[in-house]
Amino acid sequence: MNKYITMKLNLLSCDAQRPDKRAISKCITEISKQGNPSLSNELADILLEGDAVDIEVHDKNSGSALRALRKLDIDYEIVE
């Protein structure tokens, strides 16, 4: 049984000039521990409306997750 440590992220805002909601939703689905597309769509809407969103990612994926968020111009903070 593989158990991974999770890292909590607080997605603060998206500073992209023309944010791509579909790409943001897909990114959240791919990096989040839950991996639920419906929930990811809702979280993307919330983020684009200006509210922060909390997600959990497996620690083993944290580097690629953070790069993906930066590529989409999403500001985040690591929650300890």
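- In summary, Asp45 and Lys21 engage in a salt bridge, as defined by a charged side-chain N under 4.0 Å from a carboxylate O.
- Scored by the salt bridge (charged side-chain N to carboxylate O under 4.0 Å, His left out) test, Lys71 finds no partners at all (sequence neighbours excluded).
- Atoms SG and CD1, from Cys27 and Ile31 in turn, are 4.5 Å apart once rounded to the nearest 0.5 Å.
- Among all heavy-atom pairs drawn from Ile24 and Pro19, the shortest one is CD1-CB, 4.2 Å.
- The side chain to side chain contact (heavy atoms under 4.5 Å, CB included) with Ser25 is formed by just one residue from the set Leu43, Asn41, Asp20, Leu48; it is Asn41.
- Once rounded to the nearest 0.5 Å, the distance linking CG of Leu11 with OH of Tyr76 reads 10.0 Å.
- Here the CG-CD1 distance, from Leu39 to Ile55, works out to 10.0 Å after rounding to the nearest 0.5 Å.
- Ser32 places a side-chain N or O within donor-acceptor distance of the main-chain N or O of Ile28, the cut-off being under 3.5 Å.
- Of all non-hydrogen atoms in Thr29 and Pro37, the two that sit nearest each other are OG1-CA, 3.6 Å.
- Looking only at side-chain heavy atoms (C-beta outward), Val57 and Lys33 stay at 4.5 Å or farther from each other.
- Hydrophobic clustering (side-chain heavy atoms under 4.5 Å, transitive across Ile, Leu, Val, Met, Phe, Trp, Tyr) groups Leu9 together with Ile46.
- Counting Ile, Leu, Val, Met, Phe, Trp and Tyr side chains that sit under 4.5 Å apart, directly or through other members, Leu12 stands alone, with no cluster partners.
- Of the inter-residue distances, the one linking Asp15 atom CG with Asp73 atom CG reads 6.5 Å to the nearest 0.5 angstrom.
- Side-chain contact check for Ile74 versus Leu47: some heavy-atom pair is nearer than 4.5 Å.
- Distance NZ/Lys8 to CD/Glu77: 13.0 Å, rounded to 0.5 Å.
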